[in-house]
Structures are given as C-alpha cells and as structure tokens.
Number of protein chains: 2
Amino acid sequence: MIQSPLEMRHLQTLVALADTGSLSKAAERVFVTQSALSHQLKLLESHYGSPLFERGTKPLRFTQAGARLLALAREVRELTSEAEREVAQWVSGGGGQLRVAVECHTCFDWLMPAMDAFREHWPQVELDLVSGFQAEPISLVETGVADFAVVHDRPAPRTGVAMAPLFTYETVAILSRHHPLAQKLWLAPEDFAGETLISYPVDDDMLDVVRHFLAPAGVKPKRRNAELTVAILQLVASGRGIAALPAWSVQAYLERGYVVAKPLGESGLRCELYAAMPESLAEKPYLQDFVAKIREGA
Amino acid sequence: MIQSPLEMRHLQTLVALADTGSLSKAAERVFVTQSALSHQLKLLESHYGSPLFERGTKPLRFTQAGARLLALAREVRELTSEAEREVAQWVSGGGGQLRVAVECHTCFDWLMPAMDAFREHWPQVELDLVSGFQAEPISLVETGVADFAVVHDRPAPRTGVAMAPLFTYETVAILSRHHPLAQKLWLAPEDFAGETLISYPVDDDMLDVVRHFLAPAGVKPKRRNAELTVAILQLVASGRGIAALPAWSVQAYLERGYVVAKPLGESGLRCELYAAMPESLAEKPYLQDFVAKIREGA
DNA sequence: ACTGGATCATGAATTTCTCTCAATAAAACC
DNA sequence: GGTTTTATTGAGAGAAATTCATGATCCAGT
C-alpha cells in the first residue's frame, strides 16, 4: 500500500466538493473555511502530481484523477458509516428512541428523506414525530418530551440541552412573474407594505421574514395562510400576494418559471438551523448519525 | 455518516495489530512508539464505548467490535491502494523500471512475495534483479545501475541516494538439539571460539553475526559454506557447526524441533534493513509502493 | 508464591499539523 | 470598468498526536 497523505477529511472534502460544485460551498458543508480546503487540495494535488479538478468552471469538473478519488471517497464513506453503525448498534444494544419536534413546515422537505434513511439504518430505534408545531420546540427537549428539535438561529444555551448546527439556507421572496416588484433586483422591507404575505398558518415570530426582515423595519403586511407549499405557490402565481420561503423548497418551481424569487434585502436573508438535543443523548451514535444525514441532505 | 474520529492511521494500526498480534510489534511496523498506539486505541475505544480487543492474550483477540473495524480497515486499505495505484499510473504514464540489488541471500525469502505482488500491481514497470551479490549494492544505486538496493544497518548518507527503513529482525544462532551450547539461554561471542560457523558463501563483513557480534569480540571461528538455507540447516542438524540466520527464515524448522535457536548475546542481535534508492526516483509512487509491500511482508 | 522480563498504560512535554486570519489575486457579473 | 464573489497564499495560533519517562500489569519459570 502506498503511504499516502489521504485522510478521511480529504474524502469528505471531495464528496462535498462534488455535491456542492464549489470550494466555498463545500467548505460550508464541512464546517471549515475555504482557505482550509484550498490548502488541503493543494497538498493532495501536489502529492498526486496532478490537478484533481478544473477550477473556474461552475459547477467544477473533476479530472480523471479527481473523479477516481471521488469514487473512492464515496465507497469508503459508505463502508465506514456502515461498519460504524453496526458497531454502535452492538454496543448500545440496539435500543433507543428518537422523538423529533419541528417548528417549521418547510423543514419537512428535507426532514423526510433524512428520516427515511434513518429508519432504514437504525431499525431498532423508535422514530416518532412529536405532533403539532410548537412555538418553542426547544422546551420540549428541555422537558424530556422530545429528543430532537429543529430550531432557528443560534438559541441561547440551556443547561441540559446540547446544540448542533445543521445548515444554513436563504429564504427568498416569491412573486408572480407579472408582479411589479418582480423587476427589482432585491426587495426591501418597505416593498411589503400594502402587499399580502402568504405563508403557513403559524405565529408571526416563527417566520424568518417577519422576525429578521419585516419586524425590524416595522412593516406589517396583511397575512393570508395556506397549509401546503404548493398551495402557497398557487396563490402567489395568481397574484394574490408575496411569499417568503427557503430557496431550496421552491427550486423546482423556479426552474419552470412558474414564479420568480428575489433576495430579501441587498445581500439576501440567510437563516441558520440548529438541532437541540438532550445533553445526555447528544453523544449517542444514532443521534449523531441523524444530524449527519440531515447535513448531507439525505 | 457518523462523524467519527476514525482516521487512516487507525486503520493501519488495526491491521498491524492483527498481523503482528501485539501492541509493541504493531508499533514497530507502523514506525511509532507503543505509547502512541496505546493512546490511539484508548481514544478509539472510548469513542465506540467498547474495547476493541482483549489485552493480555497472545496473540491478542479482537472483540466483535474490533473485528468489525478490522474488516473495515482491510477493505478500505485495499480500495485506497487500488485507487491510488490507478491514479499514479495515469499520472506517470505508467512507465518506469525497477532494478533491484540485494546483498543477502535470506532476503529473497521476503523479497519474492513482495516482487510477485508488485508485478501484479504495476504491470507496466519493468522489474529486474541486478544479478550477483554485490559487496556494495548501495554503490550500484549511486552509479545508476540499480534503482533499489537492500542494505544492512543505517548506511552513511550519500548525495543522490535516499534511504528508507524497511524493517528490523533478529538473527539467532542455530544449533543441533544435542549441541552442548543448546543448554544455554543465550550465546556469548566466546561460545563460538572453536566452533564452526556455517553460512552462505559471502565475505565476513556481510554477515550480521560476524560484523556485529563476533568481530567486535575478536572471535574468528572456522567457516564452512553452503548455498542454500536448507543445506545450512542440514549441516547444523548433523552437528557440523553453528549457523546464524534471521529468525523468520528458520521459523518453520524451529517449530518442528529440527534445530534450536538461541539469542546472540543477552538481549539478542537485532538488525535493521534499509532500502537505498536514487533520490530522483524515491518519490515515485511505484517505488513507495514497493517499499510498503516489503514492510507489510507481502 | 515470588521474581524477572516483557507488555501495556499513563501523564507531561514537545513536536507536528491543520486551521483560521488577513491580505492578495483572479474571475464573474452587472 | 468597477464591484462583488471566489480562490490562493503566507504567517501565526491552536489543537492534536507523538514521544519520553515512568509506573502498572501480566505471565513464565523457579
């Protein structure tokens, strides 16, 4: 075997690179700086004596060598996580439960795949959804009613509750293609005055737009509710108002030109999602794996 | 995927552990201290919450968890070296030659398997043996006649020649079971006075025993030669004299009780083997792989 | 049971590495 | 062409693994 500088972190980097298509996105995904990845890759490339991907293309294209190592990375990751799951299940006796509390509707878009994958990999862990959309899902964790809560922004630390960053996303304004505001490059809070905000039937302070964008500016548009994302988009498309949703949840509709998306504010509205877990369980392999699955979007 | 502390070095450790059956031997194999491995394993075990092997058994026995991770390690190592070979062959264009020079007879015991494995993995590299047993194989490298030389002890650095440690071994005295000296726990140089030393037909200073054991004590026993290891053992078994050979080269005969082995000196005579390569080629993947194959004994 | 030798564990110090930071360079996008 | 994103580079900080020195443990042989 060749003594190689190839480490697990490099494999993670390669996979993230392939998944995100860019150095900076990949860096975000693995929670390091772009600089770190640049260093990593420079080292790898100098060792193999060949570039691993072409820079300056979007998305980046792997070279033959890069593609081969990427394939290796995927194989190794798969094997590794499988082995570690097995070991973890033997050690823990296989039991456990995972009661998930969610405060936002759109979260289900990415929660479902993660839960599906989880059920398959941890058949012995009881997976439940704590029903209803609690205003304070974190308190459900605190009181022992839930084992996992998805919360917005970095929450204040609470004793007995461990926090872990999940990922960040941008929430964008969704408008009909014919809406007058669709001409602008980005929307200001004032643009919402006099408009109708179409959203899920939840409290004001649970909406990213309101909490971080409209409320600080003192703007309070009319509200209209819909339960489902598609329903919201229907209303938007027919000019009944503006919505504000996570960019990824409307990706498919945007590509079809069904509606258009505009950044909220000049630099967009970025939101962070965190997981809250009981400190006593936070180290459990199945919980860590659940977090990892969410981060990977699978 | 579970965020794990599992690194390539841990996998190497596990494999070495399984191959050698002991912490300290494994440490030698991967060129670190026993302490380092102890720390490594402690960390791993605390992470997985379970011991990975039973201590105090010889050879050590892996637990279920340990065995699973060992299996993972073997898979990953195999995949990794395969991928890296492919990449290296693309990058280098696949060419190259490897002319091997050897100064000792017994070296062939472990050189053959390594060369066989090499031929299979690097079909495009011309593998040759520089014939004859040179007194100074290292000079063959210096003069560009060979690309790889096996040498004893740490040689003096020469410009243009890179050195890499291969492994260490113990050379032991081989005696007939009925030899008077067979009663002793270990042999002193003086014990050889008046005895016949049976060895390969090479110069004195190419024999570990003479160079590091007898010569320093001023003992010069009679010499008798044989070309093959089996022939030497025949002579020893029939009481014609004493031999001194690497422990591993006579393993099989010792187990059958054919002859007996005694340490040379109270703490045994340990010898180091090094590889000498042209500096210009030392970084070539195929050379590094060849070194690695030798170290692994495959 | 006791001693000797080997194997392994532990704690502090050191070395080694990776990462971050900050500034620079390059590119893309209007 | 200026402006904003995106990537590279070098230096410094911080963390982590290794080594060193020592102590504990275990097995063999008397």
Side-chain angles (χ1 to χ4, degrees), chain A residues 3-14 16-17 20-47 51-62 66 168 170 183-186 247 262-263 265-268 270, chain B residues 3-14 16-18 20-47 51-63 66 168 170 183-186 247 262-263 265-268 270:
Chain A
Q3 173 233 307
S4 83
L6 198 64
E7 289 296 332
M8 290 296 182
R9 99 185 75 91
H10 297 125
L11 303 184
Q12 298 281 19
T13 298
L14 287 175
L17 221 45
T20 64
S22 105
L23 250 176
S24 36
K25 302 256 178 53
E28 195 167 285
R29 175 95 128 34
V30 296
F31 296 103
V32 295
T33 55
Q34 313 81 334
S35 180
L37 292 202
S38 189
H39 283 294
Q40 274 187 21
L41 293 164
K42 188 183 165 195
L43 214 70
L44 277 189
E45 294 185 325
S46 86
H47 178 260
L52 299 180
F53 58 91
E54 301 169 22
R55 288 96 202 287
T57 66
K58 248 168 44 167
L60 54 81
R61 244 201 324 269
F62 283 85
T168 70
E170 183 178 2
Q183 305 308 321
K184 302 192 64 174
L185 268 73
W186 51 271
K262 295 292 164 187
E266 190 163 4
S267 51
R270 300 201 62 79
Chain B
Q3 174 235 305
S4 82
L6 197 64
E7 289 296 331
M8 290 298 183
R9 99 185 75 93
H10 297 124
L11 302 184
Q12 299 280 19
T13 298
L14 288 175
L17 221 46
T20 63
S22 107
L23 248 176
S24 34
K25 302 258 179 51
E28 197 167 282
R29 174 92 128 36
V30 296
F31 296 103
V32 296
T33 55
Q34 313 81 341
S35 180
L37 291 202
S38 188
H39 283 293
Q40 272 187 22
L41 293 163
K42 189 183 166 193
L43 213 71
L44 276 189
E45 293 185 326
S46 86
H47 178 259
L52 299 180
F53 59 92
E54 301 170 22
R55 288 96 203 286
T57 67
K58 253 170 36 170
L60 53 82
R61 242 202 325 270
F62 282 85
T63 63
T168 71
E170 183 179 2
Q183 304 308 318
K184 302 191 64 171
L185 268 72
W186 52 271
K262 294 291 165 187
E266 190 164 4
S267 51
R270 299 202 62 79

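Letters A, B, ... are given to chains in the order of the sequence lines, protein chains preceding strands, and every chain is numbered from 1.
Applying the 3.5 Å distance criterion, the base of C/dC21 shares a donor-acceptor pair with the side chain of A/Ser35.
Contact check for B/Leu17 versus B/Phe62: side-chain heavy atoms found under the 4.5 Å cut-off. The side-chain heavy atoms of A/His39 and A/Thr33, taken from C-beta on, include no pair separated by under 4.5 Å.
When each of C/dT20, D/dT18, C/dC8 is scored by its nearest atom to the side-chain atoms of B/Leu23, the top-ranked nucleotide is C/dC8. Distances were taken from every side-chain heavy atom of B/Thr33 (C-beta onward) to each of D/dT18, D/dT19, C/dT20; the shortest belongs to D/dT19. Taking only side-chain atoms of B/Ser22, from C-beta outward, the nucleotide of C/dC8, C/dG11, D/dT18 with the closest atom is C/dC8. Out of D/dA7, D/dC20, C/dT18, the shortest distance to the side chain of A/Ser24 is found at D/dA7.
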Hey, what are the protein-to-nucleotides 23-30 of chain D N/O distances that come in under 3.5 Å?
unit_1, atom_1, unit_2, atom_2, d
D/dC27, OP1, B/Gly56, O, 3.1

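One atom, CH2 of A/Trp186, and another, C1' of C/dC30, lie 16 Å apart when rounded to the nearest Å. Between B/Gln34 atom CD and D/dA21 atom C1' the separation is 12 Å, expressed in whole Å. Look at CG on A/Leu17: it is 13 Å from C1' on D/dT6, rounded to the nearest Å. To the nearest angstrom, P of C/dC17 lies 12 Å from NE2 of A/His10. Per the geometry, NE2 belonging to A/His47 stands 14 Å off P belonging to C/dC17, to the nearest Å. Counting to the nearest Å, the C1' atom of C/dT18 and the CZ atom of B/Arg9 are 12 Å from each other. Rounded to an integer number of Å, the gap from CD of B/Glu54 to C1' of C/dC8 is 15 Å. Straight-line distance from the CD atom of B/Glu28 to the P atom of D/dT19: 13 Å, rounded to whole Å.
Under the side chain to side chain donor-acceptor pair (under 3.5 Å) criterion, A/Thr168 pairs with A/Glu28, A/Arg270, not counting sequence neighbours. For A/Gln34, the side chain to side chain donor-acceptor pair (under 3.5 Å) test picks out no residue, with sequence neighbours left out. With sequence neighbours excluded, the residues that form a side chain to side chain donor-acceptor pair (under 3.5 Å) with A/Glu54 are A/Arg61. With sequence neighbours left out, the side chain to side chain donor-acceptor pair (under 3.5 Å) criterion links A/Ser22 to A/Ser24.
A distance-only check finds a donor-acceptor pair linking the side chain of B/His10 to the backbone of B/Glu7 [under 3.5 Å]. Between the side chain of B/His47 and the main chain of B/Leu6, no donor-acceptor pair closer than 3.5 Å is present.
To the nearest 0.5 Å, atom CG of residue A/Leu14 and atom CG of residue A/Leu37 are 10.0 Å apart.
If you check residues 37-45 of chain B against DNA chain C, the residues with a heavy atom closer than 4.0 Å are B/Ser38, B/His39, B/Lys42, listed by number.
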